[in-house]
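First the structure, in the form of structure tokens, and then the observations on it.
We use all heavy atoms of the structure for the numbers below, so side chains are in, but hydrogens, waters and symmetry mates are not. If you read the sequence from its start, that first residue is 1, and numbering goes on from there.
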Amino acid sequence: MSKKMGVSTVINEGGREGVSKSLSGHLEVKTTGTKKEGYTNPEELFAAGFSACFNGALIFPLERDGHGDLPRSIRAEVTLLGDLPDFTTLHLAVHLIGKIEGLSKEQTLNYMKETDDICPYSKAIKGNVEVTFEAEE
């Protein structure tokens, strides 16, 4: 059995037109399905979580190969897709763009593909969400 490393709890009231708050008190965001100043949407929140998790997992293969000290960034572009009014067609697609200072695009892309098998977010959505990768120099 896996060891529990932590639990994060967020409560949403109002759905897309609502507020999401963490029980810890460290997060409170207003959400919307439209563009409103000071609001975010679930896709942006997912992009923040996925990019942070993926970048955190990227350190494992980099450290293994002696590149753990290289500055790196992961940009997650999360797209909501579907054909309204048929709500059953709604789904997500994710495009991850990585940059690792000092490595080529090919090396960066190889590390990203390896990290896809390590990152808990990647594992959670595998087979359900199309994820594409791109590397920048």
salt_bridge([X], [Y]) N-O dist < 4.0 Å:
X    : Y    : answer
D116 : K126 : yes
K99  : E134 : no
K30  : E37  : no
R75  : E136 : yes

Is it true that a side-chain atom of S22 and a backbone atom of L27 form a donor plus acceptor pair closer than 3.5 Å?
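Answer holds: yes.
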Starting from [Y], can I reach [X] by hopping between I/L/V/M/F/W/Y residues whose side chains sit under 4.5 Å apart?
X    : Y    : value
F133 : Y111 : yes
Y39  : L45  : no
M112 : L70  : yes
L96  : I118 : no
V129 : F54  : yes

Working to the nearest 0.5 angstrom, can you tell me the gap between [X] [atom1] and [Y] [atom2]?
X   : Y    : atom1 : atom2 : value
C53 : K123 : SG    : NZ    : 9.5 Å
I74 : I97  : CD1   : CD1   : 9.0 Å
K21 : E28  : NZ    : CD    : 4.5 Å

Does any donor atom in the side chain of T31 or N41 lie under 3.5 Å from an acceptor atom in the other side chain?
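The criterion, which ignores hydrogens and geometry beyond distance, is not satisfied for N41 and T31.
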Testing the basics here: between T32 and T34, what is the closest heavy-atom pair and its distance to 0.1 Å?
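For T32 and T34, the tightest heavy-atom pair comes out as CG2-O, 2.7 Å.
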Pairwise side-chain contact, [X] with [Y], heavy-atom cut-off 4.5 Å (strictly under):
X    : Y    : value
L103 : H67  : yes
R72  : I59  : yes
V94  : T132 : no

Test log, rule side-chain contact (heavy atoms from CB on, under 4.5 Å), inputs T115 and F60:
CA-CA 8 Å; T115 301; F60 298 118; over 6 Å; no
For the pair L92 and T79, evaluate side-chain contact (heavy atoms from CB on, under 4.5 Å) and give the outcome as yes or no after the intermediate values.
CA-CA 6 Å; L92 299 176; T79 304; over 6 Å; no
Taking atom NZ as the centre, does K36 end up with more than 12 heavy-atom neighbours from other residues, nucleotides or ligands that are less than 6.0 angstrom away?
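Atom NZ in K36 is crowded, with more than 12 foreign heavy atoms closer than 6.0 Å.
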